[in-house]
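Let me begin by presenting the structure, written as C-alpha cells, before commenting on it.
Since the model is a prediction, treat every value here as computed from it, not as a measurement.
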Amino acid sequence: MFYLPTGKYIASTQRPDGTWRKQRRVKEGYVPQEEVPVYENKYVKFFKSKPELPPGLSPEATVPVTPSRPEGGEPGLSKTAKRNLKRKEKRRQQQEKGEAEALSRTLDKVSLGETAQVPSAPQGSRPAPTAASDQPDSTATTEKAKKIKNLKKKLRQVEELQQRIQAGEISQPSKEQLEKLARRRALEEELEDLELGL
C-alpha cells in the first residue's frame with residue numbers, strides 16, 4: 001500500500017505560457033511568502049499607532065471644520081492647486097475688466113468719430129456695414145480684441161526697450177532691437193485703426 005506523508009500541499013497552478021507547476025508538499029506551519037507580515041521596527045509601529053490629531057484635541061472638534069471648503073475650492077485639491085485656481089480666476093477677472101475698459105474707450109472714440117463724420121453722412125456706406133457686422137460676428141470682435149491686446153503688448157515691449165536704451169542698460173542695440181523700435185509708429189497706427197473699427 002502507498003503511504004502519503006503528512007503535511008500540507010500547495011495545489012498545482014498554471015503558468016502564463018500554459019504549462020503547469022507541480023503540486024508541492026510543505027511542512028506543517030508553512031506560511032506562503034505573500035502572507036508573511038512585513039517587518040516593522042519599533043519606531044514605525046510607534047508612528048503608526050500615534051494619533052493624527054495633536055494631543056488633547058478631540059476628534060469631534062475637527063468634524064465641523066472638514067466639510068466647510070473655501071470658495072471656489074474643489075474637493076481633493078492640494079494647496080498649490082487651489083492657489084493656482086485662485087490665480088486663474090483673478091487673471092480672468094482682470095482680463096474681463098481690461099476688455100471692458102478697452103471697449104468703453106473704443107466706444108467713446110467711435111461716438112466721437114461719428115459726430116465728426118456727420119457732414120459726410122450722405123456717403124453712408126461706412127456706418128451701415130459696421131452695425132450689421134457687429135451683431136452676427138461675435139467671433140470677429142473677439143479676434144479684433146485679441147489683435148488689439150497683442151499690439152498693446154508689442155508697444156509696451158517697444159517702450160521698455162526704448163527706456164532701457166535711454167537708461168544706458170543697452171549700449172549697442174542689436175539689429176532686431178532697432179527694427180522693433182522702427183516699427184513703433186506702424187504698430188500705433190494699426191492699433192488706432194483696429195480700435196476705431198471695433
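Under the side-chain contact (heavy atoms from CB on, under 4.5 Å) criterion, Gln162 pairs with Gln166, Leu181, Arg184, not counting sequence neighbours. Pro32 is linked by a side-chain contact (heavy atoms from CB on, under 4.5 Å) to Tyr30, Glu34, Glu35, counting only residues two or more places apart in sequence or in another chain. Taking the side-chain contact (heavy atoms from CB on, under 4.5 Å) definition, one finds that Arg91 meets it with Arg87, Lys88, sequence neighbours left out. Shown here are the salt bridge (Lys or Arg N to Asp or Glu O under 4.0 Å) partners of Glu190, two or more places apart in sequence or in another chain: there are none. Applying the side-chain hydrogen bond (donor to acceptor under 3.5 Å, both in side chains) criterion to Arg21, with sequence neighbours excluded, gives Thr13.
To the nearest 0.5 angstrom, Leu85 atom CG is 11.0 Å from Thr80 atom OG1. To the nearest 0.5 Å, atoms CG (Leu194) and CD (Glu143) are separated by 11.5 Å. In this structure, NZ on Lys146 lies 10.0 Å from CD on Glu99, to the nearest 0.5 angstrom. A distance of 13.0 Å separates CG of Leu187 from NZ of Lys153, quoted to the nearest 0.5 Å. Atoms CD1 and CZ, from Ile10 and Arg24 in turn, are 4.0 Å apart once rounded to the nearest 0.5 Å. Distance check: Lys180 NZ to Leu155 CG gives 11.0 Å after rounding to the nearest 0.5 Å.
Ser49 places a side-chain N or O within donor-acceptor distance of the main-chain N or O of Lys45, the cut-off being under 3.5 Å.
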- Starting from the C-alpha separation in whole Å, work towards a yes-or-no answer on salt bridge (Lys or Arg N to Asp or Glu O under 4.0 Å) for Arg183 and Glu179. CA-CA 6 Å; Arg183 279 189 304 222; Glu179 288 174 2; 5.4 Å; no
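In plain terms, the two heavy atoms of Asn41 and Val44 that are nearest each other are OD1-N, 2.9 Å. When every heavy atom of Arg15 is checked against every heavy atom of Trp20, the shortest pair comes out as NH1-O, 3.3 Å.
A salt bridge does not link Arg156 to Glu160: none of the charged nitrogens lies less than 4.0 Å from a carboxylate oxygen. The pair Glu89-Arg92 meets the salt-bridge criterion, since a charged nitrogen lies less than 4.0 angstrom from a carboxylate oxygen.
In the hydrophobic clustering (ILVMFWY side chains linked at under 4.5 Å, chained through shared members), Phe47 is joined by Phe46.
Crowding of Lys154 atom NZ: a count of heavy atoms from other residues, nucleotides or ligands under 6.0 Å not exceeding 12.
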